[in-house]
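Since we're looking at a predicted model, the values are computed, not measured.
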Amino acid sequence: MEKSNSPVSVPCGIAAAVCSVFLAAVTLCFFRAPLFLLLPAAAGLFLLLRQISQVHNRRLFVCNAVFSLLLAISFIAGNKANLQSGQTMSSFLHNDLLPLAALGAVFFICFSCMSDFIGRHPVHLCRKRRRLSPGKMWLASTLVLFFSWIPCLFVFYPGNISGDSVACIVRALGKVPLSNQQPLLYILLIRPVLQFAFAIGRDINFGAALFLTLQTAVMAVVIGYFFCWLTQKGAAPWIQILCMAYFVLNPVFSIYAVTMWKDILFSAFTLLYLLQLYNILQSGGEKLQSLGYLVGFVLLNILLCFLRNNGYYLVFVTLVILAVLYRKYWKRVLPAFLAVLILVPVIQGPGYKAANVAASPFAESVGIPLQQIGYTVANDGAVTVEQKAFLNQILPLDTMKKSYRPYIVNPIKFNSAFNNNFLESHKGEFIKVWAQMLRPNWKKYVKAYLMETVGYWHIGTANWIALYGAVDPEMCRMVGIVQPDAGSFAWSRGAVKNSLDCLQKQIPVLSLILSIGFLFWAVLYAAFQMIIQKRRKKLLLLVPLLLLWLTLMVATPTFCEFRYMFAFSVAFPLVVLLSFPVEQREKMNSPRHLKTE
C-alpha cells in the first residue's frame, strides 16, 4: 500500500483526538459497553486514524466505506429486529442517523487499517519446504480429525438425532413413502447402512451409530484433503497448525460430525468444491481440459445438487460463470456443464415423479411470504375481502393470527389446520395474493422479513446451535431408537454441551466463529479484499457461499439456524486465507523467482 511520511499537524491531531473520543462514546453507548472503556477505545481509534492518514489507496477506501456502511446498517436494523434486544438499543439517541454515522466511521477506520495490514502481509507459498508429501498429509490429517471427532459418538450413542433425522430414518426404513423434503440422496445413503445392521442381527441403534461413524469418516476425509491441498500449494506449517486447531478444538465439528443432518455432508463437500474451483482458476481453466479432472468436477457438482435441495442454485450460477470465463474451452466445458444443469432438474422433476418420490412441499419454499402474510394478519394489516377468502382456505385467519410467531414459520405451516393440498394446487394464486398485499402493507412486510432473517446478517443475534443425543425421545421410539442412560458418560455429555455453550456465550472474540452473522460478514469482507487487491476472478471462490446465503434470505424457515450455514463454518479457514494476497516463491527467504497472485 502507498504511504506518506509527512507529519500530522497539531490542529489535525487535536481534531483527530476529539473525533476519536466522540466516536468511541457513541459506539460504546450503542453497544451498551462499560464507560471505563472510553479512554482506551478513543486512544485506539486515534492511533488507527494516524495509521490510515498515511495510506493513499482510493480503491481501499471506497471498498471499506461501502463495507462499513453496510455493516453499520446491519447493526442498526438488527437491533430493531433482534429477538433478544427488546427495545432498540439506540432509541436513547432519538435518531438512527447518529449511531449509523458513528458506527460507519468506526468500522471504516478499523477495516481500512486491517486492509492495509493484509495488503502488506501476503501469504508466502513455497512448494520446496514440504516435510510430508501431500498424500501422507492427507492421511495424517484425516486420522487426526476422525479420532478427534468420533469420541462424541460414544458419548451420545447412537448419535445426535432430531425430528429431521427421524424423518430421514422412517423413509429409509420404508415406513413412509419417499419424499424429497429431506434430500433423497441422504435418505438413500442411510438405507443400506440400516439394512446391513439388520442383516447382521443388530438393532437400529447400531445402524444409526454405524451410519454416523461413516459420516464422520467421510467428513474427516474431505476436510483432511484441505490439508493435502495446503501442502500442494506450499503453505507454511504454522498455517496448517492453526487450521487443524480450528477443526479439532472447535466443539461444533465433533458434535455435527455425529449428527444425522443433511447439512453436514453438504457443507464438507462445499469446501471440496471451493478447493477445486481454486485449482481451476489457478490453472487458467486448463484443468478443465483434463478429462479425468472434468469428470470428477462434474460429479462433485451433481453431488452438491442432490445433497441439499438448494444446491442446484449454487451450482447453476457457478457453472455459468465458469463457462463464460473459460469459453475458449467450450467444446469440452459446455456439454459437461449443460449435462449437469439439465440432468439434475430432469431427475428431480419428472424422474422423481415417475419413481413416486414426492416433491418437497411448496410451503417449504415460501416460508418468508407466509411469515409476511402472518405478520400482516396478526397486526390487523390491510387485507381485502377477496384476499381473506383465499387465505382462509389455506389457514383460517383467526388461527393464523394466534399461530404467528415472529421468528419461525413452523407454527403456521405445520399447524394441523394448514391446508397444504390447497396451497399446492394454488401456487400461482398464492404468489399473486402475496404480491397484491405488498404495497398496502409495505412496512409490515419489511418488519416481518427482518425478523425472519435477522440471524443471517446481524452479528448480535444468536440461537441454539447443536443438539445432544436423541432430543425427541417419543419420535425416536417410533423408529426404535432409544438413547441409553448416560452412565459413565454423564459427565462427558455435560462437558461437551458446556464447552459449546461456553464458547458461544462466554468467550469474547472467539465466540464469533459460532455467529452466523459474523461468518457471513467475514466472507463479504474477503470479497472486498479481493477487489482491493485486483483479484476479481478469485471472487468466484466465494460465489457458492454467497449464493447459499441468498437462498436462505429468500426461503429460510427460521431466523437463525447455524446448521443451514455450516458450510460457512467449514470454509472459514479458507476464507481467511483468501483475504490475503499470495506470493509464490521457489525458495524460502529469497526474493527471487517471486510471483504475486
Residue of the set Leu541, Leu304, Leu303 for which side chain to side chain contact (heavy atoms under 4.5 Å, CB included) holds with Tyr273 | Leu304
Looking at side-chain heavy atoms only, is the closest gap between Phe266 and Pro183 below 4.5 Å?
-> no
Test item: Ser254 side-chain N/O and Asn250 main-chain N/O as donor-acceptor pair under 3.5 Å | no
Assess the side chains of Tyr256 and Ser569: does a donor N or O sit below 3.5 Å from an acceptor N or O?
-> no
Side-chain heavy atoms of Met400 within contact of Asn392, under 4.5 Å = no
Test Leu277 against every option in Leu322, Leu272, Leu542 by the side chain to side chain contact (heavy atoms under 4.5 Å, CB included) rule and name the one that passes.
-> Leu322
Taking it one step at a time, do Asp116 and Ile52 satisfy side chain to side chain contact (heavy atoms under 4.5 Å, CB included)?
-> CA-CA 8 Å; Asp116 177 56; Ile52 65 169; over 6 Å; no
Ring center gap for Trp521 and Phe67 short of 6.0 angstrom = yes
Can you label the angle between the Trp549 ring and the Phe520 ring as parallel, tilted or perpendicular, going by 30° and 60°?
-> parallel
Test Thr558 against Tyr407 for side-chain hydrogen bond (donor to acceptor under 3.5 Å, both in side chains), laying out the working first.
-> CA-CA 6 Å; Thr558 185; Tyr407 301 97; over 6 Å; no
Do Asn415 and Ser403 have side-chain atoms, one donor and one acceptor, less than 3.5 Å apart?
-> yes
Mind telling me whether Phe430 and Phe390 have parallel, tilted or perpendicular rings, with 30° and 60° as the class edges?
-> tilted
Modelled atom types, side-chain donor and acceptor of Tyr564 and Thr556, under 3.5 Å = no
Determine whether Glu561 and Leu552 make a side-chain contact, defined as any pair of heavy atoms from C-beta on separated by less than 4.5 Å.
-> no
State, yes or no, whether a side-chain contact exists between Leu281 and Lys538 at a heavy-atom distance under 4.5 Å.
-> yes
Residue pair Asp380, Lys444: steps toward the salt bridge (charged side-chain N to carboxylate O under 4.0 Å, His left out) verdict = CA-CA 10 Å; Asp380 300 319; Lys444 290 181 172 60; over 6 Å; no
State, without any angle test, whether Arg59 and Asn57 hold a side-chain donor-acceptor pair at a distance under 3.5 Å.
-> no
Check ion pair Lys402-Asp398 (N to O, under 4.0 angstrom) = no
Does atom CZ of Phe422 have more than 12 heavy-atom neighbours, drawn from other residues, nucleotides or ligands, at distances under 6.0 Å?
-> yes
Does Lys447 make a cation-pi contact with Tyr375, if we ask for NZ or CZ under 6.0 Å from the ring centre and within 45° of the axis?
-> no
Tyr468 atom OH, over 12 foreign heavy atoms within 6.0 Å = yes
Do the ring centers of Phe75 and Phe31 come within less than 6.0 Å of each other?
-> yes
Hey, can you tell me if Phe566 and Phe253 have their rings parallel, tilted or perpendicular (30° and 60° cut-offs)?
-> tilted
Indicate yes or no for a side-chain donor-acceptor contact from Gln387 to the backbone of Thr384 under 3.5 Å, with no hydrogens or angles considered.
-> yes
Do the side-chain N and O atoms of Ser115 and Asn64 include a donor-acceptor pair separated by under 3.5 angstrom?
-> yes
Atom pair CG/CG of Leu103 and Leu23 - distance to nearest 0.5 Å = 9.5 Å
Verdict with supporting geometry, Phe108 and Leu69, side chain to side chain contact (heavy atoms under 4.5 Å, CB included) | CA-CA 8 Å; Phe108 173 76; Leu69 178 61; over 6 Å; no
With distance as the sole criterion, is a donor-acceptor pair present between the side chains of Asn379 and Tyr404 under 3.5 Å?
-> no
Hey, are the side chains of Leu274 and Leu545 touching, using non-hydrogen atoms and a 4.5 Å cut-off?
-> yes
